[in-house]
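Since the model is a prediction, treat every value here as computed from it, not as a measurement. Each chain gets a letter, A, B and so on, in the order the sequences are listed, and its residues count up from 1.
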2 protein chains.
Amino acid sequence: MRKARPTIYDVARLAGVSTATVSRALNGTGQIAPATRAMIDDAVAQLGYHPNTAARSLVTRSTQTIALLLPDITNPFYAALVSGIQERALETGHTMLLCTTEGDPEREEQYLSLLRAKQVDGVLVDGLVLPPDRITRFVREGLPIVCLDRDIDSTLVPLVQVDNRLGARLATEHLLELGHERIGHIAGPPDLGISDERIEGYRDALRAAGIAVDPELIAVGSFTEEGGYEAARVLSDKWDLTALFAANDLSAIGALSALVQSGRRVPEEVSVVGFDDLRLSRFTNPPLTTVHQPAGEIARHAAELLLELASGRPVERMRYFLEPGLVVRSSTAPPS
Amino acid sequence: MRKARPTIYDVARLAGVSTATVSRALNGTGQIAPATRAMIDDAVAQLGYHPNTAARSLVTRSTQTIALLLPDITNPFYAALVSGIQERALETGHTMLLCTTEGDPEREEQYLSLLRAKQVDGVLVDGLVLPPDRITRFVREGLPIVCLDRDIDSTLVPLVQVDNRLGARLATEHLLELGHERIGHIAGPPDLGISDERIEGYRDALRAAGIAVDPELIAVGSFTEEGGYEAARVLSDKWDLTALFAANDLSAIGALSALVQSGRRVPEEVSVVGFDDLRLSRFTNPPLTTVHQPAGEIARHAAELLLELASGRPVERMRYFLEPGLVVRSSTAPPS
DNA sequence: CTGTTAGCGCGTTCAA
DNA sequence: TTGAACGCGCTAACAG
């Protein structure tokens, strides 16, 4: 049987003071006589007392909880974000709810609604496909939200992301500089803004090099290994293609696999570039050339902003654009 | 300005009934006249009312929240667990706190303490290194806990895991059957029970085949790509080694990378087997032979047990041992 | 079927 | 520096 937990009242009685005094002692509010404090500490220890946060939340209106809402935690990039957020959150005693949506807009809204009911202090969203106005509605109702990788309405909801277009351009330029001219692109899911931004960066680079953009060379992936694998299969039928830029590392890994399995050597016959710079990407065969995203920095900035918002402090800057950087490893080489 | 949220009292007034009736209507408790229910629904919709879960938790003593405590979410195996848990949790309106410990026992205990204060309905723990009695203490205090991959005290805390020893034996036997005799092992962190279990399975197989276990052939990894990479470097100095069994897929991937980079061909010169069967492992070069763990099943069982425990229902079975299975792909072959 | 009345455990006035 | 009293928003008896 679980015995009833001691309450602040039990502590007060044992220490011979009022609950108000105990509360103050526990929260460091107001002045407490050293002797009283000692009595209280004793009582707390003796009883094994721990404040009930539900009761506390009811009066303070803060749950010391934030939420992270994203499509899929099995994508290591998202997982990397978690660490940074967690770290920052823990500093202020915040705890983190993780909610995965599988890219389903209804589930996104359902979760947002649930999170509001739970009175979470705020939510970090990434990769949502829900229409902007369905999101800002929650903000207007008082639920602080910070966006990653998608500009909803940055006067209202802060935004943190890398410059995706620039990153994609860097990747493509790298391929161009090596001498490639027929460069395929494995795009992300069509309903995600970052997919478009990365396509645009790819186009920018090609155009700047005076190369016509051939829509045939763009295949739709899904940001997964499987998607990259399939897309690479489709694209590699076009034998004049000598390089591939995948919109994220997971698809690049899938592409690597497809290419090698169909007997094409990387990078000798086909070069591959990814996007994300997962920890994993240093260990592929061959090690993957990719565009680095500072996941830790993104996470910390976002968490910082959210906590700022949640505490009612004014947010000095609503948008953070971090810079991506090309990391050259061994999956790229001049065409043969 | 965030306007004050409507309370159950506002709804009651607008609908012209008492708060008790509103509460009943909202929770489906007791019988409500259709007409009254309609009035209430109207009022709720008109006000945009959402119950305050903190207040509800205070009286029901249930937060509809569970927690998952593990070392590192960037390990895709753990990430895969999350999906299964989430899915099961959402069915009953439960939400999931994610807490990562980085393998630090102090942080583990700190989190457990925080979670208890938060009145979570229960916690799922995996990969903890905290001594058993420090964990059972929380259980005795009324915090339901379910363990994954580590038997703390299975009369008190349910356990769900694959048979690690068997899995490791299967992997090693596969190598043995291919004709390998000098088989290295990349172990997991020394303070984790599953590391030992997998080492034992490896030893079992060798002994059964009449091969002496050479401690020199066991290197300590860390369940990460980096750890696998380093360990493989060390082991591959022993040139008579023709096969490697890594205690998880991430280290196997690191090993693959180290091997190929030092010019050894896989599987022609060295065979590699992993453990976990990550989604990713189908896409390595070469595709990884590994031991399958049913992550989804593990997750669902564990979540089920926890929810059972949390609701006070009796748990019929305290231990679930799931069966691992060998998945042969292309990273293993007979020695040359 | 519905209303009245108590709390759930805590922070926070306002006095003392 | 401390205590009494109130209320946060909701559910759960107990009457009716």
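A donor-acceptor distance shorter than 3.5 angstrom exists from the side chain of A:Asp121 to the backbone of A:Gln64, with no hydrogens or angles considered.
End-to-end axis angle of the helix from C:dC1-D:dG16 to C:dA16-D:dT1, from C1' rotation axes over five pairs per end: 30° (rounded to 10 degrees).
One distance of note links NZ of B:Lys118 with NE2 of A:His50; it measures 15.0 Å at 0.5 Å rounding.
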Atom pairs and distances, donor-acceptor, side-chain atoms in residues 146-154 of chain A, under 3.5 Å, two or more places apart:
residue	atom	partner	partner atom	Å
A:Asp149	OD1	A:Asn164	ND2	3.3
A:Arg150	NH1	A:Leu128	O	2.9
A:Arg150	NH1	A:Leu130	O	3.0
A:Arg150	NH2	A:Leu130	O	2.8
A:Asp151	OD1	A:Ser154	N	3.2
A:Asp151	OD1	A:Ser154	OG	3.2
A:Asp151	OD2	A:Ser154	OG	3.3
A:Asp151	OD2	A:Arg319	NH2	2.6
A:Asp153	OD1	A:Thr155	N	3.2
A:Asp153	OD1	A:Thr155	OG1	2.7
A:Ser154	OG	A:Arg319	NE	2.9
A:Ser154	OG	A:Arg319	NH2	3.2

Could you pull out every donor-acceptor pair under 3.5 Å between side chains of residues 70-82 of chain A and any protein atom, sequence neighbours left out?
residue	atom	partner	partner atom	Å
A:Asp72	OD1	A:Thr74	N	2.9
A:Asp72	OD1	A:Thr74	OG1	2.7
A:Asp72	OD2	A:Thr74	OG1	3.1
A:Thr74	OG1	B:Arg279	NH1	3.2
A:Asn75	OD1	A:Phe77	N	2.9

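Shown here are the side-chain contact (heavy atoms from CB on, under 4.5 Å) partners of A:Asp104, two or more places apart in sequence or in another chain: A:Glu106, A:Arg107. Applying the side-chain contact (heavy atoms from CB on, under 4.5 Å) rule to B:Val139 yields the partners B:Ile145, B:Leu156, B:Val157; only residues at least two apart in sequence or on another chain are considered. A search for side-chain contact (heavy atoms from CB on, under 4.5 Å) contacts involving B:Val315 returns B:Leu305, B:Glu308, B:Leu309, B:Met318, not counting sequence neighbours. Among residues two or more places apart in sequence or in another chain, the side-chain contact (heavy atoms from CB on, under 4.5 Å) test is passed with B:Ser57 by A:Ala54, B:Thr63.
Protein chain B touches strand DNA chain D; the 5'-most and 3'-most nucleotides with an atom under 4.0 angstrom of its non-hydrogen atoms are D:dG9 to D:dA13. On the nucleic acid side, DNA chain C has its first and last nucleotide under 4.0 Å of a heavy atom of chain A at C:dG9 to C:dT13, going 5' to 3'.
Looking at residues 13-28 of chain B, you'll see B:Ala20, B:Ser23, B:Arg24, B:Asn27 sit with a heavy atom under 4.0 Å from some atom of DNA chain D. A heavy-atom distance below 4.0 Å to DNA chain C is reached by these residues of residues 47-57 of chain A, ordered by number: A:Tyr49, A:Pro51, A:Asn52, A:Ala55, A:Arg56.
Listed by first and then second residue, the side-chain hydrogen bond (donor to acceptor under 3.5 Å, both in side chains) pairs that reach into residues 295-307 of chain A are A:Arg88-A:Glu304, sequence neighbours excluded.
Checked by atom type, the side-chain pair B:Arg56/B:Thr53 shows no donor-acceptor distance below 3.5 Å.
For the pair B:Arg13 and B:Tyr9, the cation-pi test (distance below 6.0 Å, angle within 45°) is failed.
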